[in-house]
Amino acid sequence: MIRSDDLHADIGEILLTEEAIRTRTAELGAQVAADYAGRALTLVSVLKGSLPFMADLMREIPLPLRIDLMEVSSYGGTATESSGLVRIIKDLSASIAGEDVLLVEDIIDTGLTLNYLVRYLRGKSPASLRICTLLDKPARRLVDLPVDYVGFEIPDQFVVGYGLDYGERYRNLRFVGVLRPEVYAPPAE
Ligand code: 5GP
């Protein structure tokens, strides 16, 4: 695998600039704030990929909200394909019973991970449960779930940056981009 120390050099195309993400996040935050005014809002996000989006989105919602974090890992898949088999590494730290929960996701691809999380969170008796995702890849959906807030619909490409990784790298890029093909596979001999 060829990977340089320069993270930017591994990116073939920038799909969403820092500016585009900031503008859209502010719009989503305003929409969420209008919808949840006067309610008991808890934002639940899923580490590690959603970390930058959660941090930026919550600061665009001027309501007295709570946050909680889960961490899950999917197993049985590959570096670029999810399997839908999910293991909880970090659970919620407080009860969400009676709370209006907004699940904050980085990306919905097949929907298998989200499907698992929605069932899990519903079992905790929230007053309501809605979904907000920065990125949506509808072309690959296997489980159809209503997604209430979508930042951007993107084509069926594996993306990195702004929280999203390939082999745990690239999460700290400020934009969302597509890796150069050479990063996945070394050139043929
Ligand atoms: P799903 O279960 O919806 O297929 O996949 C959800 C998870 O797979 C995401 O939370 C993310 O961790 C990973 N994933 C799906 N598509 C991408 C992608 O294009 N880039 C990266 N880096 N991860 C992805």
Side-chain angles (χ1 to χ4, degrees), residues 21 24-25 28-29 31-33 35-36 39-61 63-138 140-152 154 158-173 176:
I21 296 170
R24 186 69 187 122
T25 303
L28 288 173
Q31 216 181 322
V32 171
D35 293 351
Y36 283 89
R39 293 165 66 184
L41 176 61
T42 298
L43 302 178
V44 172
S45 100
V46 188
L47 297 170
K48 303 168 194 160
S50 306
L51 185 63
F53 181 47
M54 174 71 153
D56 288 341
L57 180 68
M58 70 181 194
R59 286 176 288 177
E60 298 290 352
I61 307 173
L63 295 178
L65 53 80
R66 298 197 308 144
I67 67 164
D68 208 335
L69 301 168
M70 292 183 68
E71 182 169 1
V72 300
S73 80
S74 41
Y75 54 95
T78 67
T80 59
E81 296 280 334
S82 134
S83 64
L85 298 170
V86 178
R87 188 162 55 98
I88 294 178
I89 296 174
K90 187 212 167 293
D91 206 341
L92 296 169
S93 50
S95 166
I96 54 166
E99 296 280 315
D100 290 302
V101 173
L102 183 61
L103 179 58
V104 178
E105 273 281 12
D106 49 359
I107 186 164
I108 304 172
D109 187 16
T110 61
L112 293 168
T113 308
L114 182 68
N115 188 45
Y116 175 90
L117 283 167
V118 164
R119 283 161 183 259
Y120 182 79
L121 293 174
R122 282 216 182 104
K124 305 270 176 197
S125 311
S128 66
L129 177 61
R130 292 172 122 191
I131 297 156
C132 174
T133 187
L134 177 67
L135 306 175
D136 186 12
K137 274 201 256 183
R140 299 209 343 138
R141 195 73 92 255
L142 295 177
V143 186
D144 211 12
L145 283 164
V147 182
D148 305 279
Y149 306 92
V150 176
F152 302 91
I154 61 168
F158 188 80
V159 293
V160 296
Y162 197 66
L164 292 160
D165 76 309
Y166 175 66
E168 290 300 327
R169 288 172 52 137
Y170 310 103
R171 294 192 195 276
N172 53 331
L173 292 174
V176 171

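Hydrogens, waters and symmetry mates are skipped; everything else that's a heavy atom, side chains included, is used.
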Legend entry - Atom pair OG1/CD of Thr113 and Glu105 - distance to nearest 0.5 Å: 7.0 Å
Inset, instruction - Using side chain to side chain contact (heavy atoms under 4.5 Å, CB included) as the criterion, list what pairs up with Asp68, not counting sequence neighbours. - result: Val44, Lys90, Leu92, Ser93, Ala94
Legend entry - With sequence neighbours excluded, residues passing side chain to side chain contact (heavy atoms under 4.5 Å, CB included) with Ile67: Leu43, Met54, Met58, Leu65
Inset, instruction - Please answer whether the main-chain N or O of Leu41 pairs with a side-chain N or O of Arg66 as donor and acceptor at a distance below 3.5 Å. - result: no
Legend entry - Atom pair CD1 (Ile61) and CG (Asp35), whose distance is rounded to the nearest 0.5 Å: 10.0 Å
Inset, instruction - Nearest 0.5 Å please: distance from the CG atom of Asp165 over to the CZ atom of Arg171. - result: 3.5 Å
Inset, instruction - Return the set of residues passing side chain to side chain donor-acceptor pair (under 3.5 Å) with Asp91 (not counting sequence neighbours), or none when no residue passes. - result: Tyr120
Inset, instruction - Run through Ile107, Asp106, Val159, Ile154 and flag the one making a side chain to side chain contact (heavy atoms under 4.5 Å, CB included) with Val176. - result: Val159
Legend entry - Glu71 and Ile88, any side-chain heavy atoms less than 4.5 Å apart: no
Inset, instruction - Please list, chain by chain and in numerical order, all residues satisfying side chain to side chain contact (heavy atoms under 4.5 Å, CB included) with Asp148, sequence neighbours excluded. - result: Arg130, Ile131
Inset, instruction - Decide side chain to side chain contact (heavy atoms under 4.5 Å, CB included) for Phe53 and Val104; before the verdict, give the C-alpha distance in whole Å, the side-chain angles of both, and the deciding distance to 0.1 Å. - result: CA-CA 8 Å; Phe53 181 47; Val104 178; 3.6 Å; yes
Legend entry - Spacing of CD1 belonging to Ile108 relative to SG belonging to Cys132, to within rounding of 0.5 Å: 9.0 Å
Legend entry - Which atom of Gly49 lies closest to which atom of Pro52, heavy atoms considered: O-CD, 3.7 Å
Legend entry - Stepwise side chain to side chain contact (heavy atoms under 4.5 Å, CB included) test for Leu164 and Leu135: CA-CA 11 Å; Leu164 292 160; Leu135 306 175; 3.5 Å; yes
Legend entry - Over all atoms of both residues, closest heavy-atom pair of Gly98 and Ala127: O-CB, 3.4 Å
Inset, instruction - Provide the closest heavy-atom pair for Val143 versus Gly111 in the form atom of the first, atom of the second, distance. - result: CB-O, 4.2 Å
Legend entry - CD on Gln31 to CD on Glu60, rounded to 0.5 Å: 13.0 Å
Legend entry - Aromatic plane relationship, Tyr166 with Phe158 - under 30° parallel, 30 to 60° tilted, over 60° perpendicular: perpendicular
Legend entry - Pro126 to Val101 - nearest heavy-atom pair and separation: CB-CG2, 3.8 Å
Inset, instruction - May I ask you to say whether Glu99 pairs ionically with Arg39, meaning some side-chain N is under 4.0 Å from a carboxylate O? - result: no
Inset, instruction - Apply the test side chain to side chain contact (heavy atoms under 4.5 Å, CB included) to residues Thr42 and Asp100: give CA-CA distance (whole Å), side-chain angles for both, the deciding distance (0.1 Å), then the verdict. - result: CA-CA 6 Å; Thr42 298; Asp100 290 302; over 6 Å; no
Inset, instruction - Not counting sequence neighbours, which residues clear salt bridge (Lys or Arg N to Asp or Glu O under 4.0 Å) with Arg122? List them please. - result: none
Legend entry - Verdict with supporting geometry, Leu114 and Leu103, side chain to side chain contact (heavy atoms under 4.5 Å, CB included): CA-CA 9 Å; Leu114 182 68; Leu103 179 58; 3.6 Å; yes
Inset, instruction - Give, for atom OG1 of Thr110 and atom CG of Leu112, the distance between the pair rounded to the nearest 0.5 Å. - result: 3.5 Å
Inset, instruction - Considering non-hydrogen atoms only, spot the tightest contact between Tyr149 and Leu28 and give its length. - result: CB-CD2, 4.0 Å
Legend entry - Results of side chain to side chain contact (heavy atoms under 4.5 Å, CB included) for Asp56 - residues two or more places apart only: Thr25, Arg59, Tyr162
